[in-house]
Structure formats: C-alpha cells, structure tokens
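See structure below.
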Amino acid sequence: MQGVTGSIPVSPTIPFIFRDRWKDRLMVEIIYPDGSKEEYADSVQVKELLGKLPRSISKKAVAARIAGVICDLDHKIAEGGDFSVITVDEPEGLDILRHSASHLMALAVQELFPETSFAIGPSIKDGFYYDFLLERNFTPEDLEAIEKKMRELLKTGDLQFIREVISKEEALELFSSRSQQFKVELINEIQDDTVSIYKLGSFTDLCRGPHIPDIKMLKHFKLLSLAGAYWRGDEKREMLQRVYGTVFFSADELKEELDRREEAKKRDHRKLGPQLGLFDIKEEAGGGLAFWYPKGFILRELVEGFWKKEHRDNGYEMIMTPHIARSELWKRSGHYDYYKENMFIINSSEGQEFVLKPMNCPGHILVYKSHLHSYRDLPVRYAELGTVYRNERSGTLHGLLRVRGFTQDDAHIFCTPEQLDEEVDKCFDLAHHILTTFGFHEYTVELSAHDPANMDKYAGSPEEWQMAESALLKAIEKRDIPFKKIAGEAVFYGPKIDLKLIDAIGRGWQATTIQFDFNLPRRFNVQYVDSEGKKEYVYMIHRALLGSIERFIGTLTEHYAGLFPLWLAPEQVRIIPVGKDFHEYALQCAEKMKKAGIRAECDLREERLGFRIRECELQKVPYAAVCGGDESENGTLDVRSKSKGRVGSKKIEQLIAELVDEVDRKA
C-alpha cells in the first residue's frame with residue numbers, strides 16, 4: 001500500500017480556516033518576487049496580480065502564496081505580504097493537480113454510485129487516491145466505468161472548483177443530511193468555528209484546498225488499481241475501498257509514468273522471489289514472515305558475508321544479543337511505554353514477562369557496560385546482524401519491504417565528543433562503499449534536525465545537539481551531496497541522516513540511517529572515564545547501512561530485476577549438455593568450476609535443448625554453457641551470457657579465469 005506524502009496545501013482532513021482579520025482595512029500591500037510593491041483593495045482576486053509577473057511564469061500558475069499561505073487563484077486578498085505563484089513545474093503544483101483529480105474521481109463515483117460514503121482523497125507520492133464506503137465491491141470493470149465517467153465530465157467544459165467558508169454547524173448539517181459519516185467525524189474534531197468546503201459540480205467535500213484554476217488541466221490521468229484500507233488505518237474501523245490513480249500536466253509525463261509502472265511490475269520482488277526460488281511469504285505461518293529458499297539463502301549469505309568483512313576491516317567488533325529479553329529492560333529503555341502496541345510480549349510459566357526484541361540498542365548497551373571504559377578505549381564499535389520482531393499491522397505488510405521479523409544490519413558506536421566528526425565521516429564512507437559495490441550509485445540525503453525554539457521536548461543539551469548536527473552536516477557537505485535539511489523533523493532523542501537509494505528505474509528506497517541518541521545513554525547510565533578521571537556520558541551513534549537484510553534484498557531484487565551481478569548470483573553458470581552422451585563431460589566441467597569457487601549446476605533433464613536454454617534464461621542465470629561433441633573433444637563450452645548474448649566457444653580454463661575475475665571485481 002502506498003504512503004501518503006502529506007502535501008502541505010491539499011490534505012482534505014485539515015480544512016483551511018479563513019479569518020478575515022483585515023475586514024476593516026481597505027488596502028493591502030503586495031510584495032512581488034522582484035521586490036516591487038503594490039497596494040490593492042482586499043476584494044481583489046489573486047489572479048488579478050498575475051499581470052505583474054513574466055508571462056512565462058503567470059501562464060503556468062496553478063496556485064499562489066501570499067505571506068506564506070497557499071491559496072487558489074480565485075482567492076480574494078485578505079492579507080498583504082510576499083507574493084509568488086506555484087507553477088506546473090513545481091512539486092507543489094503537481095500535488096495540487098493530483099488532489100484536484102481525486103475530487104473529480106469522487107464526483108464520478110457519486111454519479112455512478114449515489115449511495116457511496118466518502119472518506120478522504122489526498123495526493124500521494126506518485127498519484128492520488130480516494131477511499132469510499134459502499135455495499136458492493138468495486139470490480140475492474142467499475143474502475144473502467146469511473147475513468148470513462150471522469151472523461152465525460154471533463155468534456156462538458158463547465159466544471160470548476162468553488163470554495164466556500166461556512167460555520168462548523170452548517171458543515172455538520174450539510175454532511176449529516178447527505179449521510180457522510182466520515183466527514184461528520186472529521187468536522188467534530190475541528191476546534192475552529194469555521195471550515196472550508198469545495199464544490200465540483202454536484203460533489204461537495206470538506207477540504208482546505210487549494211485546487212487547480214482550470215479543470216482542463218486534469219485531462220492527462222489514468223486510474224490504476226483497487227485496494228482495501230481501514231478508516232484511519234484502524235483494523236477495528238470500517239473497511240474502505242481505495243481507488244488509486246495518477247495524473248500529470250502533460251501526456252508525455254503520464255506515458256513515462258505508466259511505462260515506469262509496467263517496468264516496476266516486471267521487477268516486483270514479491271513475484272520474482274518465488275519465481276526464482278529465492279524467498280516467499282507463507283500465509284500459513286503468518287503475514288510478514290519470510291521463508292528463504294536454498295538459492296535465496298545463498299544470496300543472503302553473500303550479502304551478509306560481504307557486510308561482515310567490510311565491518312571487520314573498518315574496526316567493528318561483531319556481537320550477538322538474545323532474541324528475547326525481560327520486559328524490565330524495555331521499560332528502562334522506554335520502548336515498553338511508548339512502543340508496546342508494536343511489540344510481541346510473551347508470558348512464561350513462571351510468571352515472568354518477556355519481549356521479542358524490537359531493536360538491538362539495549363542489548364548493545366549491556367555489552368558495552370560489561371566493564372568500565374576509559375577514553376583511551378573509545379571509540380567502541382559494535383555490529384550485529386540482529387533479528388528483531390515488530391507487530392506491524394496486516395495492512396502495512398508488503399513482501400520483504402515491510403515484515404514482522406527482520407534482520408537489521410545494526411551497529412552502535414560509543415565515542416567521545418572529540419571523536420564525533422571522524423566517526424560520522426567514517427560511517428558515511430562505509431555506507432557509500434557498500435552501497436556502490438552493490439550497484440547503487442545514486443542516493444538522496446535528508447538531515448532531520450531539531451527545532452531550537454522547542455528544546456524542552458528533546459533529550460540532551462542545546463550544545464550536544466549543535467555538536468551532533470554539525471558532525472552530520474560536515475559529513476554531507478564534505479562530499480558535496482545535495483541534501484534536504486528538515487528543521488523540527490528530528491525525534492526527541494537525536495538528529496539523524498537518511499540515505500535513500502535510487503534504483504535502476506528512478507525509484508527511491510530507504511536504506512542507510514545514521515542516528516544520534518542522547519536518551520539511552522542517560523537511561524542506562526552509559527559512561528566513560530575522561531582524561532581527568534571524571535565519568536562522562538558517551539556519545540552514542542545508531543547506524544544501519546542496508547536498513548535490514550530483508551528490505552535490502554527486496555530492493556536489490558527489484559533494482560536488478562532478478563538478474564544479479566555475477567558475484568551475487570546464487571547460480572552463476574548452468575551447463576547444458578545436448579544429450580546423454582555428454583553428461584559426464586558436463587559434470588566434469590561443473591566440478592572444475594566449483595573447485596575454483598564458481599557456483600555451477602548441470603541441467604541433465606531429458607528435455608529439448610531449446611527448452612532448457614529458455615528456462616535457464618527465465619531463471620536469470622548469468623551464464624549458460626552448452627556442450628556437445630565438439631566441446632567435449634576440444635575441452636570447450638559454448639557460452640551464452642544473459643546480459644550480453646552469445647559469447648562463443650571458450651576453453652574451460654579460460655572461462656573459469658574470466659568468471660573468477662568478474663566475481664573478484666564485483667562487476
């Protein structure tokens with residue numbers, strides 16, 4: 001299930017509250033982007049200000065900002081300040097277009113299925129959706145009918161978004177009379193006296209807007225799929241029907257997105273995993289629990305083996321902590337009080353309460369505290385491929401990307417303040433090296449920082465936060481990487497860096513996190529003895545480079561579409577004899593390869609040669625090697641590469657040398 005991106009101006013669950021504080025003032029001052037100023041009457045519509053902007057900008061306007069507030073182009077000025085427009089070229093413009101498309105879809109559903117109850121319809125990362133409640137289940141044919149109705153509505157040419165501000169009481173009466181219980185529930189939670197609604201034809205929605213100025217902007221859309229979704233994500237509430245769609249300002253952008261989606265379907269790890277004999281989720285055992293098949297275990301072993309070697313080479317010590325621990329440990333860490341609903345809790349026959357560990361941090365702290373450390377001992381770097389368990393909601397589970405049991409590639413660094421910059425820098429270097437070796441050469445970076453105006457909600461002192469954020473910032477700036485700093489986004493216990501991988505078709509995947517923690521060292525009294533003999537709290541850095549082994553292998557599978565580079569391929573070469581007479585030669589070749597460290601198998605089945613070659617391709621084995629009379633006489637194999645096509649005849653010794661070189665280079 002896709003996640004809501006939370007576009008700032010368009011969430012229908014947070015109505016725009018309009019207060020005309022300047023109703024007695026006749027003129028307001030508008031400041032244009034070039035610094036020029038004009039005074040206008042407070043009854044002037046925003047679109048009348050567009051004439052002061054270059055035509056190249058004003059013709060692309062979707063909405064506007066006045067004094068930091070985003071509004072429709074039909075909005076009447078009530079407040080002066082800086083003025084700018086949001087155009088079709090900006091992410092906010094696309095968000096507005098997509099939210100507007102969700103209203104058009106809702107109108108179509110209302111006309112086709114008048115008994116429908118409407119929940120919410122936000123824009124999301126790559127499209128939009130609307131949640132509906134009705135007695136019948138939508139079918140693929142219904143999806144086609146809804147899309148057809150949307151196009152018919154667009155052709156009428158007389159639809160437009162109309163915004164009104166009404167009292168909360170009027171809104172309750174309006175939506176109650178239409179039996180729209182979800183809107184009534186949302187209105188009842190609003191603290192203000194007024195709310196905004198938007199009308200589009202006969203459809204009226206609780207919404208703060210803004211919306212597009214011209215309904216014709218919506219013509220490049222496509223409805224995509226159906227899904228179920230609980231109201232407000234609560235399994236105890238109503239099950240709704242969610243209709244997904246996407247929309248763009250141009251036909252070319254829409255085509256590009258639809259092509260990308262088709263390619264994504266081919267790369268879906270949930271299909272490729274079972275198809276290639278790698279992994280699967282077995283509902284008999286429970287959702288969110290992965291089963292690793294022999295080939296998948298080899299792949300996982302290769303990933304973990306490389307990870308371990310690189311960590312040992314970079315000064316980490318490997319440890320292992322228990323899968324369960326007494327609940328008192330999690331109470332001390334704070335997880336029990338704030339995270340209990342996501343934890344699996346076990347009661348023993350002796351009356352003791354245990355928890356399947358949801359994270360590795362407390363265990364690493366206990367290992368660190370097994371003896372007192374001097375500043376000369378630091379930094380201490382502990383790493384663990386630690387399996388953890390989280391009671392995720394069924395509706396959020398998604399293949400290997402969101403599971404209930406997974407192995408974090410976890411590490412914790414205990415260091416002094418003076419060591420912060422170097423340790424963060426080394427984390428970044430190691431992350432970059434590991435990710436690029438696996439074939440991810442592009443990633444985006446986000447820095448979650450604190451809000452200096454609200455220090456009372458954070459653990460640690462302002463000085464500590466400043467030092468930690470400075471170390472993170474230096475590591476980013478040193479590499480001249482574009483990044484986004486989000487003030488106030490940090491959790492209470494420390495700032496962090498997130499690296500999101502960009503895969504082969506341009507999608508972002510969460511991977512590396514480098515996170516400071518000022519909370520746990522104090523809860524567990526994690527200290528060291530400084531150069532003056534005084535005990536001080538350590539600086540503690542959580543960091544995971546791959547995120548989790550499960551999620552990373554799911555990402556890796558989709559990135560390569562199952563055709564892994566040779567060093568990661570569970571089966572590297574498949575030798576296919578043309579008939580029984582050449583089985584022995586094929587087995588001899590395979591044995592030579594195995595002795596050289598190459599994972600080779602023989603296909604000795606009595607099937608047609610073409611069938612076996614085709615199946616080898618479907619299983620995405622990097623190399624197929626055919627042998628018959630000529631090959632057995634000359635000590636050769638006829639080689640085909642899955643990525644390069646037919647290579648030709650090669651001496652077995654030459655082929656082995658080339659394969660070993662390709663593996664060593666991790667090409």
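By convention here, the first residue in the shown sequence is residue 1. Note that the structure is predicted; figures quoted are calculated from it, not measured.
- The heavy-atom pair separating Ile70 from Pro210 by the smallest distance is CG2-CG, 3.6 Å.
- Judged as a salt bridge (charged side-chain N to carboxylate O under 4.0 Å, His left out), and not counting sequence neighbours, the contacts of Arg237 are Glu185.
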Side chain to side chain contact (heavy atoms under 4.5 Å, CB included) evaluation trace for Lys216 with Leu154: CA-CA 7 Å; Lys216 294 177 183 177; Leu154 284 177; over 6 Å; no
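- Partner of Asp498 under the side-chain contact (heavy atoms from CB on, under 4.5 Å) criterion, out of Ile514, Thr513, Leu447: Thr513 alone.
- Each of Trp231, Phe203, Phe175 was scored for a ring-ring contact (aromatic ring centres under 6.0 Å, His included) with Phe118, with one residue passing: Phe203.
- Cation-pi geometry between Arg98 and Tyr129 is not satisfied (NZ or CZ under 6.0 Å from the ring centre, within 45° of the ring normal).
- Within the 4.5 Å cutoff, the side chain of Leu94 has heavy atoms near those of the Phe249 side chain.
- Taking Glu392 as the reference, Arg402 meet the salt bridge (charged side-chain N to carboxylate O under 4.0 Å, His left out) condition, with sequence neighbours excluded.
- Not a single salt bridge (charged side-chain N to carboxylate O under 4.0 Å, His left out) links Lys666 to another residue, sequence neighbours left out.
- Atom CD1 of residue Ile215 and atom CG of residue Leu200 lie 5.0 Å apart, to the nearest 0.5 angstrom.
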Mind listing the side-chain donor-acceptor pairs of residues 80-89 below 3.5 Å, one per line with the distance, residues two or more places apart or on another chain?
residue	atom	partner	partner atom	Å
Thr87	OG1	Asp89	N	3.2
Thr87	OG1	Glu90	OE2	3.4
Asp89	OD2	Lys60	NZ	2.9

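- Contacts of Ala667 classified as side chain to side chain contact (heavy atoms under 4.5 Å, CB included), with partners at least two apart in sequence or in another chain: Glu662, Arg665.
- Side-chain contact between Val243 and Asp142 is absent, with no heavy-atom pair separated by less than 4.5 Å.
- Screening residues 437-446 for side-chain hydrogen bond (donor to acceptor under 3.5 Å, both in side chains), with sequence neighbours left out, gives His432-Tyr443.
- Not counting sequence neighbours, the partners of Phe279 by the ring pair (Phe, Tyr, Trp, His ring centres under 6.0 Å) test are Trp292.
- Between His211 and Phe161, the ring-plane angle classifies as parallel under the 30° and 60° cut-offs.
- Contact annotation: the side chain of Leu206 approaches that of Ile187 to within less than 4.5 Å [non-hydrogen atoms, C-beta and beyond].
- Donor-acceptor pairing under 3.5 Å is lacking for the side chains of Tyr244 and Asp126.
- Between Glu92 and Arg65, at least one side-chain N (NZ, or NE/NH1/NH2) sits under 4.0 Å from a carboxylate O, which counts as a salt bridge.
- Legend: residues meeting side chain to side chain contact (heavy atoms under 4.5 Å, CB included) with Ser56, ordered by chain and number and at least two apart, are Pro54.
- A heavy-atom distance below 4.5 Å is not found between the side chains of Glu550 and Leu401.
- When Glu262, Glu256, Glu257, Glu263 are each tested for a salt bridge (charged side-chain N to carboxylate O under 4.0 Å, His left out) with Arg260, only one passes: Glu257.
- Annotation: side-chain hydrogen bond (donor to acceptor under 3.5 Å, both in side chains) contacts involving residues 148-158, sequence neighbours excluded, comprise Glu147-Arg151, Lys149-Glu152, Thr156-Asp158.
- A salt bridge links Lys183 and Asp205; the closest N-O separation between the charged side-chain nitrogens and carboxylate oxygens is under 4.0 Å.
- Taking 4.5 Å as the limit, every side-chain heavy atom of Val445 sits out of range of all side-chain heavy atoms of Pro482.
- The backbone N or O of Ala227 lies less than 3.5 Å from no partner atom in the side chain of Gln241, so there is not a single donor-acceptor pair.
- For Phe248 and Phe221, the ring centers sit 6.0 Å or farther from each other.
- Within a 6.0 Å sphere centred on NZ of Lys642, heavy atoms belonging to other residues, nucleotides or ligands number more than 12.
- In this structure a side-chain-to-backbone donor-acceptor pair under 3.5 Å is missing from Glu115 to Leu134.
- At a cut-off of 3.5 Å, with distance as the only test, a side-chain donor of Glu141 or Thr139 sits close to an acceptor on the other residue.
- Within a 6.0 Å sphere centred on CD of Glu135, heavy atoms belonging to other residues, nucleotides or ligands number 12 at most.
- A salt bridge does not link Asp280 with Arg270: none of the charged nitrogens is closer than 4.0 Å to a carboxylate oxygen.
- No side-chain donor-acceptor contact under 3.5 Å links Asp192 and Thr194.
- To the nearest 0.5 Å, the span separating NZ on Lys125 from CG on Asp95 amounts to 12.5 Å.
- Atom SG of Cys427 and atom CG of Leu499 lie 11.0 Å apart (nearest 0.5 Å).
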Stepwise side chain to side chain contact (heavy atoms under 4.5 Å, CB included) test for Thr204 and Tyr198: CA-CA 6 Å; Thr204 301; Tyr198 275 83; over 6 Å; no
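- Side-chain atoms of Ser117 and Gln181 form a donor-acceptor pair, as typed in the model, at a separation below 3.5 Å.
- Side-chain atoms of Gln110 and Ser202 include a donor-acceptor pair closer than 3.5 Å.
- Shown here are the salt bridge (charged side-chain N to carboxylate O under 4.0 Å, His left out) partners of Glu189, two or more places apart in sequence or in another chain: Arg232.
- Listed by first and then second residue, the side-chain hydrogen bond (donor to acceptor under 3.5 Å, both in side chains) pairs involving residues 552-561 are His269-Glu558, Arg507-Glu558 (not counting sequence neighbours).
- Judged by distance alone, the side chains of Trp509 and Asp503 do bring a donor and an acceptor atom under 3.5 Å apart.
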Steps toward side chain to side chain donor-acceptor pair (under 3.5 Å) verdict (Ser36, Asp34): CA-CA 6 Å; Ser36 62; Asp34 64 0; 2.6 Å; yes
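- In this structure Lys52 satisfies the side chain to side chain contact (heavy atoms under 4.5 Å, CB included) test together with Tyr32, Glu38, Tyr40, sequence neighbours excluded.
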Chi angles and distances behind the side chain to side chain donor-acceptor pair (under 3.5 Å) call for His75, Gln45: CA-CA 5 Å; His75 185 69; Gln45 288 185 328; over 6 Å; no
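- A salt bridge between Asp74 and Arg163 is absent, with no side-chain N of the basic residue lying under 4.0 Å from a carboxylate O of the acidic one.
- Under the 30°/60° scheme for interplanar angles, the aromatic rings of Tyr130 and Phe132 are found to lie parallel.
- Between Trp567 and Phe438, some side-chain heavy-atom pair lies under the 4.5 Å cut-off.
- A side-chain donor-acceptor contact under 3.5 Å links Glu469 and His450.
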